Amino acid sequence: MNEHAIIAENLSKRYRIGRRIENHRSTASGLQKLLSPFAYLASTLREPEAEEILWALKDVTFSVRRGEAIGVIGRNGAGKSTLLKILSRITEPTSGRAVINGRVGSLLEVGTGFHPELTGRENIYLSGAILGMKRAEIDRKFDEIVAFAETERFLDTPVKRYSSGMYVRLAFAVAAHLEPEILLVDEVLAVGDAAFQKKCLGKMGDVATAGRTVLFVSHNMVAVQNLCSRAIWLDNGQIIEQGETHQVVAKYLSLGSQALSEQIWPDKETAPGNDRVRIHRLAVRPENGCPGDPISMDTPIVVEVEYWNLLPDEIIHSCLHFYTEQQVVAFTSAPIDSHPEVAQNAKQVGLYKEVCCIPGNLLNSGVHRVLLLMIRNTSKIVYRMEDSLTFEVLDLGDRAGAWYGKEPGFVRPILNWQVQRIE
Amino acid sequence: MKPSTIAKDRILEISPPNIVIEQSRGWASLGLRDVWEYRELLGYLVWREIQGAYRQTALGVTWLFLRPIVNMLLLSFVFGTMVRVPSDDVPYPLFSLAALLPWGFFSNGVLRASRSLVDNMHVISKVYFPRMIIPVAGAASGLYDLAASLVILIIAMLIYRTPLRVEILWLPIFLIVALGFSLAVGLWLATLSVKYRDVSFAVTFLLQALMYMSPVIYPVSIVPQAIRFIYQLNPMTGVIQGFRWSLFGSGQPPEITFLLSIGLMILALVSGAYIFRRTERTVVDIL
């Protein structure tokens, strides 16, 4: 009997990204465009040029033993989803091959194939069939699915009237009862309420312990560490590291989020900015560490901004906007908040440094992006830098009663509660 | 546990389904066995197409009946009463209904099949199943329109007291040709629609043109002899002609050119299936 459930050899996937479109504003180019309506047709027929090619996956080789649970980690765009798509036969690799021994169930999304106008009961059958279940199989598990989803009362209601929580519960329940020999899971767990997420992870744990093979793609280090014995770290479509989960995760955490933790422009002439102000250095780091060191939820964070002020007698200061992954501003901060005199004292020509300290136990876990604004006379934006810094706040799951999912909200402070018996 | 069951379990364990994933080259097989494996899903998709479309409509499935009735009345009024198009001595409402039945089946099938891939993108990009099922389900959902039109035709024939003829047994043959042709056109258009969204604009236009090139509103007898041969290469010509002939004995039974048009239809169907298979492997990357 073959002991490997998945064998991947040199899997590669090439994507064709659009050619970079130059910013034509002139009428001439507009006319040109009008006169060549078949430009798109021509572009789809010729061979892609080198700059249009993106290797989403390059020479990925690994194997998964039967009954093993393996985690795939990596940043966004590292190739994790492409790998899942190839293994679940949604798309073909450009080269290389994979052999899969066993019935595959892939969960890339919760609620695949649900039709909003159909009832819960109808959608169980529809979605089950799309996921590859036979009618008899669905019949047999129907009651179990309904009980797991806790939606008995709404079975004959169109799912478009469901609350989002109910919808997700029902959808996951169908998928959870697929019982494949090999389960491929994307981060479907980032949905639903806390209690339900626990239930989902429990179900996945059951699958893993029942001797079936699980390949789990996630950002959630806690879940990966708890569910998987081995892990693969992908970056830029290539395997950086594979091995025992805690080793791979530790390496990933120490190196993985270096991306934009520091930027330095040594030359005053070419540094980003304008004739008023130019940026010299930007950095984000844990209070007692260097840029690139892991930042967990309880770590105080330091953001440093160094800039050249190029004009005399300027009232100028920086201002930081912290964005969450959902591209929502979590909060903004500027030196005048704590030092009002900055708003009155004019700066002379020179290199200035402004440091912002974010206390630990404030930000929720997740990737944060920093927008830098340079402000003149406390109100006028003289320079704006979109992706100045990014950093990830990690949930190491070391809080009491921690669970695998991400708590909602921008902030995750530890507040002072009082608990007492009053009767 | 009985010994026989143990043995069976072991066999299953020894030979699990072995899937090899790699880039397919050249003209791979059509994978029809895979489609057969997923036949239940095909049923669900056809059912969803109709069920989903008519939920929360005031008239519901009545729409399926309303369309052919209104079409028949309009055609009868405009072409039967006003323009006085000859109808081979068959009452014009019956004459048009006999054409609208296969035509509606064909055109709805083409319409649904051609946009099926783009419409089901969210499913295709998240789960694997033989993609061929999607346009097939689209074309097959024309069966609902067919069933509704058939009811109307029977009522109309009762009203006009049309005698039943033995030739009516030919009808399934003509329907199969219509289904095959709608699937052929649907497969080609669905494949093209993946890369070129122009298809969604072209398809209504194409169907309209094809309707005028098929004897839906007029009899084949008024088509000039000079272009008759080319005209009859359109499978729908033979199908509609055959419907009228087998139902009312009007006009000519389909001639030898009908067989030729069937040959062309099969050619389009097979080539459509192959071209679809070639595209389906990477459809997710393009859409």
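Convention: sequence-line order gives letters A, B, ...; per-chain numbering from 1. What you see is a predicted model, and the numbers here were worked out from it, not measured in a lab. Atoms considered below: every heavy atom in the structure, side chains included; atoms not considered: hydrogens, waters and symmetry mates.
- B/Y44 and A/R135 get closest at one heavy-atom pair: OH-NH1, 3.2 Å.
- The distance from atom CG of A/D186 to atom NZ of B/K126, rounded to the nearest 0.5 Å, is 7.0 Å.
- With a 4.5 angstrom heavy-atom cutoff, A/I86 touches chain B via backbone and side-chain atoms both.
- Between A/L131 and B/V127, some side-chain heavy-atom pair lies under the 4.5 Å cut-off.
- Heavy-atom distances place the backbone of A/S88, and not its side chain, under 4.5 Å from chain B.
- Residues B/W47 and A/L118 meet the side-chain proximity criterion, which asks for heavy atoms closer than 4.5 Å.
- Between A/I138 and B/E40, every side-chain heavy-atom pair lies at or beyond the 4.5 Å cut-off.
- Of the residues considered (A/K134, A/R97, A/R89, A/E122), A/R89 shows the highest number of contacts with chain B, using heavy-atom pairs under 4.5 Å.
- At a 4.5 Å heavy-atom cutoff, the contact between A/T119 and chain B is made by backbone and side-chain atoms alike.
- Residue A/K85 comes nearest to B/S125 through the heavy atom pair CE-O, 3.7 Å, listed as atom of the first residue, atom of the second, then distance.
- Contact of the B/R48 side chain with the A/E117 side chain is not registered, since no non-hydrogen atoms from C-beta on lie closer than 4.5 Å.
- For A/K13, the part sitting under 4.5 Å from any heavy atom of chain B is the side chain, from C-beta outward, and nothing else.
- In this structure, A/R65 places its CZ atom where only 12 or fewer heavy-atom neighbours from other residues, nucleotides or ligands lie under 6.0 Å away.
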Step-by-step side-chain contact (heavy atoms from CB on, under 4.5 Å) determination, A/I90 to B/R131: CA-CA 10 Å; A/I90 289 164; B/R131 275 64 172 100; 4.0 Å; yes

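- Looking at A/L84, there are no atoms closer than 4.5 Å to chain B (heavy atoms on both sides), in backbone or side chain.
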